[in-house]
Amino acid sequence: MADETATTEAPEDQAPEQETDELHQGLLDRMTEGLGDAIVGSHIAPGHALWVRVRREAWREAARFVRDKLDCTFFDFLSGIDWMPSPWGRYEDAAGVDDPIPVPDPDAPIETGYAGGDTRFQVFCRLAKVRRPPHHAVILKADVPEDDLRIDSLVPLYGGANWHERECWEMFGITFEGHPALRHLYLPAEFEGHPLRKDFPLLARLVKPWPGIVDVEPMPEEAGANGGGDGDGGGDTEGGDA
Amino acid sequence: MGLVESGKLPKPLTSLLNTARKYSLWAYQWGLACCAIEMGAAFASPRYDVMRLGVIPLPASPRQADVVVISGTVTDKMVPAIKRLYEQMADPKYVISMGSCTNCGGPYWDSYSVTKGIDQIVPVDVYVPGCPPRPEALLEGIVLLQQRIGSEDMASRWRGDPIVVS
């Protein structure tokens, strides 16, 4: 998701060999017509889905439009995204067992996914029309600025959003205004912090390396190649040498 | 049981009582995740037939249980319930920790929500490793627990301070 470049407001600029998607293009056109400048970005995966990024202030209005005018009466899910690269690094990026984990540059620009984004945190939800064919779905996104993590609740429109927003609230710390009972869903009441934020420290990882990386077994063909190379004393980073 | 507490119980009688205890273990089941499927296979299926080992797998309440099998992923949110039910069991009581998650956190060793080993909360007598362990592994754990009970000095167990969970 993150490595795709987003197209903004101009899906017709896509490469000519890409098939056109009349269904999703039609939905986007109707949304642009109905919501106007509330839409700040969009992306169409032909034959698959439509992403629409809206301004935070228009979040509930956009959902209401999608529900009433586009017949998306089914609330699929709602969640948040933290686009910050993990300040602790990724174990997958380490070159070898004993090598340090590369830590990303904290000042590097943040990449965001489909339909673009300007902030570290985003809230997104998928609304679908399931009642009768042709079925379609719209994925709504909104930027939430880091210094003001608030957005309108969708509970007045979709009762099913209740628990999703509670989860998003406790996992990311994003407050949903108008939610009837914003309290912990999964976490114990005394839990501190927001565990799905990228800067949430996993204490077990800070005190010892991931145990799985020590037990890397080479693939059978690599093992055969290493069998000849071991006499030279090379291949320090291979798990098979241990 | 005044005789047992006095410590003057003859050795053969201790052995006899221990044999009686170890072949009538009422096992309370605490199934939390996929390990509970294997525990169900071991305890409830005729294929493994745990009753031939003298284990009665379905007590009506933890107050009637001798051993609790904690199997599956224990989360920090679940810990108070486990502690409370363990404290309701009558002494002498035993704990079998089944599966990697219960033993040490398992694949969730770095999770924000998983307890890294139930032995931080209650004293564990037998650890059954595996992810999940096969039913045979749990049966072996029960046999090991029975060996432990069989060689127990009942007087010290009876006279000793009750196990208090902090």
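Chain letters run A, B, ... following the sequence lines, proteins first and then strands; every chain starts at 1. Heavy-atom basis, side chains included; hydrogens, waters and symmetry copies ignored. Everything numeric in this text was worked out from a predicted model, so none of it was measured.
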Between CH2 of Trp109(B) and CG of Leu202(A), what distance do you get to the nearest 0.5 Å?
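One gets 8.5 Å once the value is rounded to the nearest 0.5 Å.
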Inter-residue atom distance Tyr112(B).OH - Leu196(A).CG, 0.5 Å rounding
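That separation rounds to 5.0 Å.
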Measuring heavy-atom distances to chain B, does Tyr186(A) have an atom under 4.5 Å in its side chain, in its backbone, in both, or in neither?
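Interface part for Tyr186(A): backbone (N, CA, C, O).
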Check this for me: [X], atom [atom1], are more than 12 non-hydrogen atoms of other residues, nucleotides or ligands nearer than 6.0 Å?
{"X": "Tyr108(B)", "atom1": "OH", "result": "no"}
{"X": "Glu140(B)", "atom1": "CD", "result": "no"}
{"X": "Arg47(B)", "atom1": "CZ", "result": "no"}

